[in-house]
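Accompanying notes for the structure given below.
None of the values given here were measured: they were computed from a predicted structure. Reminder, nothing fancy here: chain letters follow the sequence lines and each chain counts from 1.
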Amino acid sequence: MEFTRPRGTRDFFPEEMEKRRWVEAKIRNTFENFSYGEILTPTFEHINLITAKSGEDIVEHLYTFVDRGKRKLVLRPELTAPVMRAYVNELQSQAKPVKLYYIANCFRYERPQSGRYREFWQAGIELIGSPGAEAEAEVIALAYTILKNLNLKDFTMHIGNIGLLRKFLKNLGITEQSNFLALIDKKEHDELEKQLKFYGVKAEDRKLFFKIISLKGNTRETVARVRELFQDREILKEMDRFEETLNYIDNLGVDYSVNFGIARGLDYYTGMVFEIYAQKLGAEKQICGGGSYSLTETFGGKATPTCGFAIGFDRLILALDKDGVKAGSDNDHGVYVIPVSQEFIAYAMKITSDIREYKVCEMELKRRKLGKALSYASKKGFEYAVIVGEEKISLKNLISKEQVEIDISKMKTSLNTGHR
RNA sequence: GCCACGGUAGUGUAGCAUGGUUAGCACUAGGGACUGUGGAUCCCUUAGCCCGAGUUCAAAUCUCGGCCGUGGCCCCA
């Protein structure tokens with residue numbers, strides 16, 4: 001084949017698009033129901049926006065190019081940075097909180113595999129300027145509600161707290177924390193042990209450290225355990241705050257487990273973090289990630305607490321498929337209009353045009369004989385055929401195969417009342 | 001960036017180990033017959049060895065490289 005798709009991209013045909021649009025609509029409705037407004041930023045940005053947020057090393061995973069004005073640009077690899085950039089540029093003086101959502105495509109130069117493409121879609125939100133536990137709780141509840149509304153069964157939510165880890169590391173005298181958080185996230189415990197020793201952390205504190213990051217499971221027990229393990233005032237304060245968030249989502253009936261091993265490996269996360277997995281997806285099972293962070297100052301704005309998440313739209317679709325969720329609407333099967341011969345084409349076109357006022361309608365455009373035309377109509381899933389010939393018009397139900405002659409003036413009534 | 005497996009009409013496949021006919025079959029699509037009522041039957045047509053190099057008298061078949069696909073590793077903002 002001479003012309004092919006670029007690697008890691010996909011063509012979506014009508015059948016799949018119907019499903020994707022259906023899922024998208026559900027997500028959009030839920031966002032809007034929580035009073036978020038849509039934002040769309042440019043498909044490409046200046047490369048320094050991305051490197052400011054994620055570091056220089058990220059460049060090898062980016063689609064970059066230089067334009068005719070010698071500007072270094074990048075196809076957006078995610079939407080948090082662009083959205084926060086736009087907020088800093090234009091929305092800082094809006095009434096808080098500012099609630100934004102997006103559903104858009106992103107681009108990353110990575111090796112494609114199951115659930116990973118070079119062009120993919122993300123659906124997410126940023127709740128800007130609300131520092132409270134109730135804000136965090138609402139964000140978590142929103143992610144949860146979306147999956148529930150889509151009827152996804154196979155998913156688990158895991159909630160952690162980077163603030164706690166940060167304070168703990170600080171107590172141990174470790175101020176350069178990003179490396180540690182990355183190792184925690186990757187669960188490289190051997191390397192962590194080595195690093196802790198390097199920093200001169202005492203054996204009992206090391207033990208405590210590993211105890212904390214392996215804690216997971218039932219909320220009350222886990223949180224109580226952390227309280228037991230620490231006497232530090234700052235940490236207990238962080239725990240109070242964390243527990244408040246958990247209380248709110250308990251109250252809303254959100255199902256989750258606490259996991260202090262979630263570190264998300266990123267410098268700008270400040271407190272609560274969460275991830276949602278669909279186990280059936282295997283290696284690329286994470287379908288949602290988010291948490292509380294602060295990024296506005298990085299982009300030259302006033303430091304503003306923000307909480308957000310992003311759903312991997314393509315993975316969500318895969319998860320819904322594996323879960324057997326039927327995505328897609330019961331569509332109107334429509335009407336197929338067939339002129340029996342050339343002289344009735346004009347009349348058939350007029351009838352088609354009239355029917356389109358109230359129903360999906362397609363007309364035979366290939367001048368096929370009646371038999372073939374009917375065959376096409378039933379193959380394409382039309383519910384009715386209207387046969388236009390001589391002085392009479394016939395309405396045929398393609399499912400029951402019954403056919404009657406009808407008066408053109410009664411067409412709408414017959415189609416709408418579901419003639420059989 | 002790394003590893004495994006794979007790549008034959010639009011789709012699914014046979015052929016490949018043992019190089020040698022005109023690369024076969026099914027479905028789909030287009031056309032026709034059955035001379036204005038279908039999902040049928042019959043006939044016809046379009047269309048293929050991923051790309052390149054090598055070995056050889058001869059490559060879909062063997063070798064190497066590339067590209068693409070699937071899955072995994074790394075990574076995952």
Span that lies between the [atom1] atom of [M] and that of [N], in whole angstrom:
| N | M | atom1 | answer |
| --- | --- | --- | --- |
| B/rA47 | B/rU37 | P | 33 Å |
| B/rU18 | B/rG1 | P | 35 Å |
| B/rU22 | B/rU13 | P | 27 Å |
| B/rU63 | B/rG6 | P | 11 Å |
| B/rC27 | B/rC42 | P | 9 Å |
| B/rU61 | B/rC49 | P | 12 Å |
| B/rA53 | B/rG12 | C1' | 31 Å |
| B/rU45 | B/rA4 | P | 46 Å |

All N/O pairs under 3.5 Å across the protein-nucleotides 39-41 of chain B interface:
unit_1: B/rG39; atom_1: N7; unit_2: A/Lys401; atom_2: NZ; d: 3.2
unit_1: B/rG39; atom_1: O6; unit_2: A/Leu398; atom_2: O; d: 3.1
unit_1: B/rG39; atom_1: N2; unit_2: A/Ser378; atom_2: O; d: 3.1
unit_1: B/rG39; atom_1: N3; unit_2: A/Ser378; atom_2: OG; d: 3.4

Under a 3.5 Å cut-off for both contacts, is [N] paired Watson-Crick or G-U wobble with anything, and if yes, with which nucleotide?
| N | result |
| --- | --- |
| B/rU18 | none |
| B/rA4 | B/rU70 |
| B/rC62 | B/rG54 |
| B/rC42 | B/rG32 |
| B/rC27 | B/rG10 |

Distance in angstrom units between [X] [atom1] and [N] [atom2], rounded:
| X | N | atom1 | atom2 | result |
| --- | --- | --- | --- | --- |
| A/Tyr384 | B/rG38 | OH | C1' | 17 Å |
| A/Asn397 | B/rG38 | CG | C1' | 13 Å |
| A/Ile184 | B/rC76 | CD1 | P | 14 Å |
| A/Leu370 | B/rC34 | CG | P | 15 Å |
| A/Lys380 | B/rU28 | NZ | C1' | 14 Å |
| A/Phe309 | B/rC76 | CZ | P | 22 Å |
| A/Lys372 | B/rC43 | NZ | P | 14 Å |
| A/Tyr269 | B/rC76 | OH | P | 13 Å |

Just checking, is any N or O donor in the side chain of [X] or [Y] under 3.5 Å from an acceptor N or O on the other one?
| X | Y | answer |
| --- | --- | --- |
| A/Glu243 | A/Thr245 | no |
| A/Glu136 | A/Ser292 | yes |
| A/Glu244 | A/Tyr248 | yes |
| A/Asp255 | A/Tyr144 | no |

Solution key, residues 334-345 of chain A side-chain donor-acceptor pairs under 3.5 Å, sequence neighbours excluded:
unit_1: A/Tyr336; atom_1: OH; unit_2: A/Glu364; atom_2: OE1; d: 2.8
unit_1: A/Ser341; atom_1: OG; unit_2: A/Glu343; atom_2: OE2; d: 3.2

Problem - Candidates A/Phe274, A/Tyr277, A/Tyr256 - the one meeting ring-ring contact (aromatic ring centres under 6.0 Å, His included) with A/His158 - result: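 That would be A/Tyr277.
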Problem - A/Gln113 side chain near B/rG72 phosphate (N/O to OP1/OP2, under 4.0 Å) - result: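 For B/rG72, OP1/OP2 do have a side-chain N/O of A/Gln113 under 4.0 Å.
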Practice task
Tell me whether the OP1 or OP2 atom of B/rC75 has a side-chain N or O from A/Lys186 closer than 4.0 Å.
Solution key: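 Checking B/rC75 against A/Lys186, a side-chain N or O does come within under 4.0 Å of OP1 or OP2.
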Handout entry: Working for salt bridge (Lys or Arg N to Asp or Glu O under 4.0 Å), residues A/Glu45 and A/Arg76
Key = CA-CA 6 Å; A/Glu45 295 272 358; A/Arg76 59 175 175 229; over 6 Å; no
Problem - Reading 5' to 3' through nucleotides 3-9 of chain B, protein heavy-atom contacts under 4.0 Å coded B for base, S for sugar-phosphate only, - for none - result: BB-----
At under 4.0 Å between heavy atoms, what does [X] touch on the DNA or RNA strands: base, sugar-phosphate, or nothing?
| X | value |
| --- | --- |
| A/Leu295 | nothing |
| A/Tyr268 | sugar-phosphate |
| A/Gly312 | nothing |
| A/Arg368 | sugar-phosphate |

If you draw the axis of the six-membered ring of [Y], does the NZ or CZ of [X] fall within 45° of it and under 6.0 Å from the ring centre?
| X | Y | answer |
| --- | --- | --- |
| A/Arg118 | A/Tyr109 | yes |
| A/Arg10 | A/Tyr117 | yes |
| A/Arg20 | A/Trp121 | yes |

Problem - 5′-ward residue of the pair A/Arg5/A/Lys366 relative to RNA chain B - result: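 Result of the comparison: A/Lys366.
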Exercise for the section: Could you say whether A/Ser54 or A/Arg7 is positioned toward the 5' end of RNA chain B, judged by the nucleotide with the nearest heavy atom to each? Expected result: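 Going by which nucleotide is closer to the 5' end, it is A/Arg7.
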Problem - Crowding at NZ, A/Lys280 (>12 non-hydrogen neighbours, <6.0 Å) - result: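 Yes - once you tally the heavy atoms of other residues, nucleotides and ligands closer than 6.0 Å, there are more than 12.
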Problem - Residue A/Asp67 excluded, over 12 heavy atoms near CG under 6.0 Å - result: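 Yes.
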Exercise for the section: Could you check which of B/rC75, B/rA77, B/rG38 has an atom nearest any side-chain atom of A/Pro77? Expected result: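 Out of B/rC75, B/rA77, B/rG38, the nucleotide with an atom closest to A/Pro77's side chain is B/rA77.
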Problem - Out of B/rG36, B/rA77, B/rU37, whichever nucleotide has its closest atom nearest the side chain of A/Val340 - result: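 Out of B/rG36, B/rA77, B/rU37, the nucleotide with an atom closest to A/Val340's side chain is B/rG36.
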Problem - With A/Lys72 via salt bridge (Lys or Arg N to Asp or Glu O under 4.0 Å) - residues at least two apart - result: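 Here no residue qualifies.
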Handout entry: A/Lys369 (side chain) and B/rU35 (base): donor-acceptor pair under 3.5 Å
Key =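 Counting by modelled atom types and ignoring angles, no donor-acceptor contact under 3.5 Å is found here.
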Handout entry: Any residue meeting side chain to side chain contact (heavy atoms under 4.5 Å, CB included) with A/Glu24, in chain and number order, not counting sequence neighbours
Key =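 Once residues adjacent in sequence are excluded, the partners of A/Glu24 under the side chain to side chain contact (heavy atoms under 4.5 Å, CB included) criterion are A/Arg21, A/Arg28, A/Ile103, A/Phe313.
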Exercise for the section: May I ask you to list the residues of residues 273-292 of chain A, by number, that have any heavy atom positioned under 4.0 Å from an atom of RNA chain B? Expected result: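 Those residues whose heavy atoms fall under 4.0 Å from RNA chain B, taken from residues 273-292 of chain A in numerical order, are A/Ala283, A/Glu284.
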Practice task
Determine, stepwise, if the pair A/Phe44 / A/Phe65 fulfils ring-ring contact (aromatic ring centres under 6.0 Å, His included).
Solution key: CA-CA 10 Å; A/Phe44 52 89; A/Phe65 62 101; 5.8 Å; yes
